[in-house]
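One is the number of the first residue; the rest follow in order along the sequence. Computed over heavy atoms, backbone and side chain alike; hydrogens, waters and symmetry mates excluded.
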Amino acid sequence: QVQLVESGGGLVQAGGSLRLSCAASGRTFRSYAMGWFRQAPGKEREFVAGISWSGGNTYYADSVKGRFTISRDNAKNTVYLRMNSLKPEDTAVYYCAASTWANYYRDYVTASKYDYWGQGTQVTVSS
């Protein structure tokens, strides 16, 4: 079993940057594909970014491509989401998730393919 704890959220002005971290417990972290999702008030949870177990493959939603970067450090059991050029529409609770199933893009973007979820961290972007 994996426990995930997100951190790094906060309030930032439009155009600013944040880096989210997701720390995982357990010695099997390196065997999981990881993803970041977000959920804004009144909206469904949506895929933001995903990364394979080795870090060799990354995937992004069109809305964040070129602005966000996902990375992982398997030695530290941590996955990161660097967010640049933030926009008010990026405001949401951000969740990290771990998957034993994800192999293709269609897997990474599907919330039901993830086995474990963190509690979320709030990101608020003011205009």
Side-chain angles (χ1 to χ4, degrees):
Q1 188 166 353
V2 175
Q3 291 185 327
L4 304 172
V5 179
E6 301 97 334
S7 61
L11 174 64
V12 63
Q13 289 187 332
S17 299
L18 283 174
R19 189 181 78 160
L20 305 183
S21 299
C22 174
S25 65
R27 293 176 291 177
T28 59
F29 172 75
R30 64 181 66 244
S31 66
Y32 289 90
M34 299 296 296
W36 284 97
F37 286 73
R38 66 187 181 187
Q39 187 166 18
K43 295 187 176 181
E44 293 187 354
R45 190 170 298 191
E46 64 173 0
F47 170 77
V48 175
I51 189 167
S52 61
W53 67 270
S54 67
N57 293 301
T58 57
Y59 308 88
Y60 297 93
D62 288 343
S63 60
V64 307
K65 201 172 293 183
R67 299 188 298 123
F68 290 12
T69 303
I70 188 171
S71 61
R72 68 190 295 163
D73 186 337
N74 286 341
K76 295 182 178 180
N77 281 12
T78 303
V79 63
Y80 305 97
L81 185 68
R82 177 67 179 181
M83 305 185 295
N84 296 328
S85 303
L86 283 160
K87 305 175 181 180
E89 51 264 44
D90 295 317
T91 295
V93 177
Y94 282 71
Y95 300 89
C96 72
S99 172
T100 57
W101 301 96
N103 284 302
Y104 305 104
Y105 179 79
R106 62 176 181 268
D107 300 325
Y108 281 88
V109 305
T110 305
S112 61
K113 294 292 187 179
Y114 290 81
D115 305 285
Y116 304 102
W117 292 82
Q119 82 290 346
T121 186
Q122 176 70 47
V123 172
T124 303
V125 184
S126 63
S127 57

Q: Just verifying a value: how many Å separate Y32 OH and T100 OG1, rounded to the nearest 0.5 Å?
A: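 Rounded to the nearest 0.5 Å, the OH-OG1 separation comes out at 6.5 Å.
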Q: Look up atom CG in L81 and atom OG1 in T121, then write down how far apart they are to the nearest 0.5 Å.
A: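 Answer for the CG-OG1 pair, L81 versus T121, is 11.0 Å.
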Q: If we only count heavy atoms from C-beta on, is the V2 to M34 side-chain gap below 4.5 Å?
A: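 They are not in contact (no side-chain heavy atoms under 4.5 Å apart), so the answer is no.
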Q: What closest approach, in Å, do A14 and P88 show between heavy atoms, and which atom pair accounts for it?
A: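 Closest heavy-atom pair between A14 and P88: CB-CD, 4.1 Å.
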Q: Search all heavy atoms of T78 against all heavy atoms of S21 and return the closest pair with its distance.
A: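 Answer, listing the atom of T78 first, then S21: CG2-CB, 4.3 Å.
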Q: Check whether any side-chain N or O of N57 sits under 3.5 Å from a backbone N or O of Y104 as a donor-acceptor pair, and report yes or no.
A: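 No, N57 side chain to Y104 backbone: no donor-acceptor pair under 3.5 Å.
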Q: Could you walk me through whether D73 and Y80 pass side chain to side chain contact (heavy atoms under 4.5 Å, CB included), step by step?
A: CA-CA 8 Å; D73 186 337; Y80 305 97; 4.1 Å; yes
Q: Not counting sequence neighbours, which residues clear side chain to side chain donor-acceptor pair (under 3.5 Å) with S85? List them please.
A: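 Counting only residues at least two positions away or on another chain, S85 forms no side chain to side chain donor-acceptor pair (under 3.5 Å).
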Q: Less than 6.0 angstrom from the centroid, inside 45 degrees of the normal: does R72 satisfy that with respect to the ring of F29?
A: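 Yes, R72 and F29 form such a contact.
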Q: Could I get the full list of salt bridge (Lys or Arg N to Asp or Glu O under 4.0 Å) partners for K65, not counting sequence neighbours?
A: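 Partners of K65 by the salt bridge (Lys or Arg N to Asp or Glu O under 4.0 Å) criterion, ordered by chain and then number, come out as D62.
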Q: Please evaluate residues F68 and L86 with respect to the criterion side chain to side chain contact (heavy atoms under 4.5 Å, CB included), reporting the C-alpha separation (whole Å), side-chain torsions for both, the decisive distance (0.1 Å), and the verdict.
A: CA-CA 9 Å; F68 290 12; L86 283 160; 3.8 Å; yes
Q: If you look at every heavy atom in S25 and N77, which pair is closest and at what distance?
A: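 Closest pair (atom of S25, atom of N77, distance): C-ND2, 4.4 Å.
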Q: Without swapping roles, check the side chain of Y114 against the backbone of Y108 for a donor-acceptor pair under 3.5 Å.
A: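 The answer is yes, because a donor-acceptor pair under 3.5 Å joins these two groups.
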Q: What I want to check is whether the side chains of W101 and D115 have a donor and an acceptor closer together than 3.5 Å.
A: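 Per modelled atom types, W101 and D115 side chains form a pair under 3.5 Å.
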Q: F37 and V109: which non-hydrogen atoms are nearest, and at how many Å?
A: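 Taking every non-hydrogen atom into account, CE2-O, 3.9 Å.
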Q: Atom CD of residue position Q3 - does it have more than 12 heavy atoms of other residues, nucleotides or ligands inside 6.0 Å?
A: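 Not buried by this count: 12 neighbours or fewer within 6.0 Å.
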Q: Would I51 and F47 show up in the same hydrophobic cluster when neighbours are defined by side-chain heavy atoms closer than 4.5 Å?
A: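 No, it is not one cluster - the side chains of I51 and F47 are not joined through contacts under 4.5 Å.
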Q: What are the two closest heavy atoms between T28 and S31, and how far apart are they?
A: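 Minimum heavy-atom separation between T28 and S31: O-OG, 2.6 Å.
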Q: Which distance, rounded to the nearest 0.5 Å, do you find between the OG1 of T69 and the OH of Y60?
A: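 Answer for the OG1-OH pair, T69 versus Y60, is 4.5 Å.
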Q: Rounded to the nearest 0.5 Å, how far apart are OG of S7 and OH of Y94?
A: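 S7 OG to Y94 OH: 15.0 Å, rounded to 0.5 Å.
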Q: If you measure from NZ on K113 to CZ on R106, what distance do you get to the nearest 0.5 Å?
A: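 Going from NZ on K113 over to CZ on R106, the span is 8.0 Å.
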Q: Apply side chain to side chain contact (heavy atoms under 4.5 Å, CB included) to residues M83 and D90 and explain how you reach the verdict.
A: CA-CA 9 Å; M83 305 185 295; D90 295 317; over 6 Å; no
Q: With rounding to the nearest 0.5 angstrom, report the CH2 to CG distance, W36 to L20.
A: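 Atom-to-atom, W36:CH2 and L20:CG are 4.5 Å apart.
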Q: Please determine whether residues V64 and V93 belong to a single hydrophobic cluster, defined as Ile, Leu, Val, Met, Phe, Trp and Tyr linked transitively by side-chain heavy-atom distances below 4.5 Å.
A: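 Cluster IDs for V64 and V93 differ.
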Q: Would a distance-only check, ignoring hydrogens and angles, find a side-chain to backbone donor-acceptor pair under 3.5 Å from E6 to Q119?
A: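 Answer holds: yes.
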Q: Output every pair passing disulfide (SG to SG under 2.5 Å) with a member in residues 83-127, not counting sequence neighbours, ordered by first then second residue.
A: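 Sorted pair list: C22-C96.
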Q: Main chain of V125, side chain of T91: is a donor-acceptor contact present, judged purely on distance under 3.5 Å?
A: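 Checking the backbone N and O of V125 against the side chain of T91, a donor-acceptor pair under 3.5 Å is found.
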Q: Assigning hydrophobic clusters by single linkage (Ile, Leu, Val, Met, Phe, Trp, Tyr; side-chain heavy-atom cutoff under 4.5 Å), is W117 placed with V123?
A: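 Different clusters: W117 never reaches V123 through Ile, Leu, Val, Met, Phe, Trp or Tyr contacts under 4.5 Å.
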